[in-house]
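Have a look at the structure below before the remarks.
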Amino acid sequence: MTARTAIVTARTAMRPGAGFARFLRLALAIPVLAGALASCSRPGPDITIVAGSENKPLEPLVQEFCTAHSAKCSFVYKGSLDIGFGLKSTSDPLQADVIWPAASIWVDLFDEGRRVKHLQSISQSPVVLGVRKSKAEALGWTGREVTTADILAAVRDGKLKFLMSSATQSNSGAGAYLAMLTTAVGKDLLGEADLASADVRDKARSLLAGVERTSGSSGWLGDLFLDQDQRGIHYDAMWNYESVLKETNDTLVARGSEPLWLVYPKDGVAVSDGPLGYLDRGRGSEVETFVLDLQKFLLGDDAQKRIAATGRRIGPGRAEAAKPVADWNFDPSRPITAIRPPEPKVIWAALNLYQDALRRPSLTTLCLDVSGSMDGPGIDQLRAAMTFLFTPDTTRDLLVQWSSEDRIFAIAFSSAPGPAMPGSGAPADQERLKEWGAGLRADGGTDMYACAWQALRAMTPVLGTGRFLPAIVIMTDGQSQGDLQGFLQAWREDGHKVPVFGITFGDADRTQLDRLAAETGGRVFDGRSGLVDAFRAVRGYN
C-alpha cells in the first residue's frame, strides 16, 4: 500500500455510513504508515547548511523537510561576510552544501570560483531602525515619515544613539551603512567616486557616531537588546531586519516592556533577499537534487505562508503578509524605497572606507593569558594571533584592520597582570605591539580578574572622552583564581559599561568567562580551533 492509497482510504471512511471510530483509527495510522514508508525508502544525504543568524527562526521548517526525507541536516551559523570569505578562500574553503546568507551581494562579491549554483531568494526583509516608542514620540517621528536627514539631525543633536552590527562583519550593518551612504549622495546608485565626497563622508561619519554598541551578528544584537532591557539598561534604538525587530517586539510586549517603533526611512533602505543556494564541492547529483527539492519546498505555498507569518516578506501573491501592528508601526506589506546595491568593487571600497575612517573608533584592551599551562603550542598560537592582529595587510584582507584613531592596550597576565602596553592603529604602533607579542613567554598561575581590573584602570582616562567604542577582551586557557566580585564592583562604579569578551583556549573554564560576559553585555568565543579566527571574530564586536 502506498501513502496515497492510505489517504484515499481515510477519505473513503468519511462517507455517510462509515463509523467515525474506524475513520479515526485510519487517520491516526497515516503518519505512522508514512513514517514507516519513509524509513523503508532510501535515506537522504547528510548535508551541512551554513546560514546567517537571521535565518535561525526558519531552521525548524527546514528540519521538517529533512526529517520527511530521512536526511541529516546540520546548521552552522555564520555572518554573511564570513560566508563570503569562506567562498573566496582556497586554503580554508567553506565546508557546506547549502549556503543561506542574508543577501546575494556577498555571493556576487566573494564567489570568484562560481561554485554556488541555483541561488534563489526565499524571503526578504528590509533593514530599518527600531526606536523605543517613547523616544520616537519625543523626536516627533510617530506621526509622519522620517528621512535619513532626520536621523542624522537627531544624532548630531545628541538625542539619539543606537545599536548597529558592524558593516564589515554583518549584512544588516553593511545594509544600514550602504543606505546611509546612498541617501547621503542623493542619487539612485552609489558610485566609487561618491566615496571621495567630503560631504558624503561627513554625513556617514556623523551618523555612525550614534553607534552605542556593535556586533558581528544581527541575531546576537537583538538578543543583547532584550537581555540588557531585562537588566534595566534601555538602549534608544537598533538598526536591524524588520523581521528581527518584530521578534524583539514580540518578546518585549510579552514581558510588559516598551516596544520599538519601526522607522522606514523615506529616502531609502537596504533589503536582505535571503538567498539559498547549492555549493558545489563535488558531492554529486544526489546532494544537488536534494538541495533543489529543499528549495522547491521552501518556495511552496505552505512554507511561504509560514515564513510570511514570521514577519518576513515574500514574493507578490505567494501568501498573505504578517498582520500589521499599528502600535509598533510594523507593516511588512507597506511599500518601501529600496536602495540599489552598488557594484561589488564599490561595496568593497565602501567597506574599507568604513573600517579605515568612518566608523566610531574602538578602545580595546587585550588581556592575554601567559600562565605556565600556555607553554608549548599555546604560546605559539598566541604569538601567531598577535602577529595577525597587528599586520595591516592580513587584517585588511578580512576587513578587521585597525584605524589610526583606534586605541589599544595589551596586557599579559599570569598570577598577576603585567604593565599595559599602549598603542594605536597607526603602522608604527602596530609594529611595536607585534614585536611585543612575539616576545611573550609562558609562566606562573592565572588571575584574569586582576587583568580585567587593570584594563579598566588603563582605559579610564580615555573612556571619559566618549569618542570610543570600548571593549575588554580576555583570552585564557585555564581556571582563574582571583576576585570576581571585586572586579564587578569596580566595573559598576566605573559606570562606562565596558563589555568584557572572552576567548576560551585549551582547558579554559568557560563558566567563568560566561559569567563575566553575561554581567557586562559581552560574548564568549571558542578559540580552541584557532586563536587567530577567534581574535578576528571578536574584532567585529568593537
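Predicted model, so just to flag it, every value in this text is computed and none were measured.
Without hydrogens or angle criteria, R383 side chain to R441 main chain gives no donor-acceptor distance under 3.5 Å. A donor-acceptor pair under 3.5 Å is formed between the side chain of D194 and the backbone N or O of G191. Distance alone, capped at 3.5 Å, places no donor-acceptor pair between the S89 side chain and the G86 backbone. The closest donor-acceptor contact from the side chain of S415 to the backbone of G445 lies under 3.5 Å. In this structure, Q454 contributes its side chain and G418 its backbone to a donor-acceptor pair below 3.5 Å. Judged by distance alone, the side chain of S170 and the main-chain N or O of S166 form no donor-acceptor pair under 3.5 Å. Counting only distance, with no hydrogens or angles, the side chain of R312 and the backbone of Q124 share no donor-acceptor pair below 3.5 Å. Of the possible donor and acceptor atoms, one in the side chain of N240 sits under 3.5 Å from a partner among the backbone N and O of S218. The backbone N or O of K159 lies less than 3.5 Å from a partner atom in the side chain of K135, making a donor-acceptor pair.
Side-chain contact between E247 and P57 is present, with heavy atoms from C-beta onward closer than 4.5 Å. Counting only heavy atoms from C-beta outward, the side chains of L389 and Q430 never approach each other to under 4.5 Å. L252 is listed as a side-chain neighbour of L226, based on a closest heavy-atom distance under 4.5 Å. Annotation: side chain of F409 is not in contact with side chain of I472 (no heavy-atom distance under 4.5 Å). Side-chain contact between Q479 and Q512 is present, with heavy atoms from C-beta onward closer than 4.5 Å. Taking the side chain as every heavy atom from C-beta outward, L516 and L484 approach each other to under 4.5 Å. No side-chain heavy atom of L81 sits under 4.5 Å from any side-chain heavy atom of L398. In this structure the side chain of F487 reaches within 4.5 angstrom of the side chain of L456, judged on heavy atoms.
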*L463/V498 under side chain to side chain contact (heavy atoms under 4.5 Å, CB included): CA gap, chis, key distance, verdict*: CA-CA 9 Å; L463 283 169; V498 180; 3.8 Å; yes
*Taking it one step at a time, do R156 and D202 satisfy salt bridge (charged side-chain N to carboxylate O under 4.0 Å, His left out)?*
CA-CA 11 Å; R156 278 180 168 163; D202 178 60; 2.8 Å; yes
*Step by step, work out the side-chain hydrogen bond (donor to acceptor under 3.5 Å, both in side chains) result for D356 and S403.*
CA-CA 5 Å; D356 284 335; S403 81; over 6 Å; no
*Would you please test R539 and S362 for side chain to side chain contact (heavy atoms under 4.5 Å, CB included) and show each step?*
CA-CA 9 Å; R539 285 284 293 130; S362 60; 3.9 Å; yes
_Stepwise side chain to side chain contact (heavy atoms under 4.5 Å, CB included) check, S217 with R523_ = CA-CA 11 Å; S217 161; R523 184 176 184 178; 4.2 Å; yes
*Walk me through it: do N249 and K246 pass the test side chain to side chain contact (heavy atoms under 4.5 Å, CB included)?*
CA-CA 5 Å; N249 271 352; K246 175 192 180 295; 5.7 Å; no
*Any chance you could lay out the side-chain hydrogen bond (donor to acceptor under 3.5 Å, both in side chains) test for T168 and Q355, step after step, and finish with the verdict?*
CA-CA 7 Å; T168 56; Q355 193 67 20; 2.9 Å; yes
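With 3.5 Å as the limit, one finds a donor-acceptor pair spanning the side chains of D273 and S104. Between the side chains of S80 and N171, no donor-acceptor pair of N or O atoms lies under 3.5 Å. With hydrogens and angles left out, the side-chain atoms of Q401 and D393 include no donor and acceptor closer than 3.5 Å. N55 and Y77 share no side-chain donor-acceptor pair at under 3.5 Å. There is a side-chain donor-acceptor pair under 3.5 Å between S172 and S165. S371 and D369 are linked by a side-chain donor-acceptor pair at a separation below 3.5 angstrom, with hydrogens and angles left out of the test. For the residue pair D150 / T147, a side-chain donor-acceptor distance below 3.5 Å is found, with atom types taken as modelled. For the residue pair S424/R407, the side-chain donor-acceptor check at 3.5 Å is not satisfied. In this model, a donor atom of one side chain and an acceptor atom of the other lie less than 3.5 Å apart for Q489 and E493.
When all heavy atoms are compared, the tightest approach of A174 to L351 is CB-CD2, 4.4 Å. When every heavy atom of V263 is checked against every heavy atom of V128, the shortest pair comes out as O-CB, 3.3 Å. Considering all non-hydrogen atoms of both residues, S480 and D447 come closest at OG-CA, 3.4 Å. The two atoms that bring V155 and S206 nearest to each other are CG1-O, 3.3 Å, heavy atoms only. Nearest heavy atoms, V346 versus L195: O-CD1, 4.0 Å. Taking all atoms of both residues into account, the shortest heavy-atom contact from A534 to I503 is CB-CG2, 3.7 Å.
Residue pairs meeting the ring pair (Phe, Tyr, Trp, His ring centres under 6.0 Å) criterion with at least one partner in residues 420-469, sequence neighbours excluded, are absent. For residues 263-272, the set of pairs meeting the side-chain hydrogen bond (donor to acceptor under 3.5 Å, both in side chains) definition, not counting sequence neighbours, comprises T148-D267, E242-Y264.
Heavy atoms of other residues, nucleotides or ligands lying less than 6.0 angstrom from CZ of R528 number 12 at most. Within 6.0 Å of CG in D507 there are 12 or fewer heavy atoms belonging to other residues, nucleotides or ligands. Shown here is K78, whose NZ atom has no more than 12 heavy atoms of other residues, nucleotides or ligands within 6.0 Å.
A salt bridge links D229 with R255: at least one charged nitrogen is closer than 4.0 Å to a carboxylate oxygen. Comment: R359 engages D406 in a salt bridge, judged by a side-chain N to carboxylate O separation of less than 4.0 angstrom. With respect to D429 and K434, no salt bridge is recorded, no charged nitrogen being found less than 4.0 Å from a carboxylate O.
Residues satisfying the ring-ring contact (aromatic ring centres under 6.0 Å, His included) criterion with Y354, sequence neighbours excluded, are Y177. With sequence neighbours excluded, the residues forming a ring-ring contact (aromatic ring centres under 6.0 Å, His included) with W348 are F110, listed by chain and number. With sequence neighbours excluded, no residue forms a ring-ring contact (aromatic ring centres under 6.0 Å, His included) with W141. By the ring-ring contact (aromatic ring centres under 6.0 Å, His included) test, F501 pairs with Y541, sequence neighbours left out.
The distance from the CD1 atom of I347 to the CG atom of L109 is 6.0 Å, given to the nearest 0.5 Å. Put simply, OG1 on T395 and CZ on F388 are 6.0 Å apart, with the number rounded to the nearest 0.5 Å.
A side-chain contact (heavy atoms from CB on, under 4.5 Å) with R132 is found for exactly one of M238, E137, E258, namely E258.
Using cut-offs of 30° and 60° on the angle between ring planes, the pair W239 and F162 is perpendicular.
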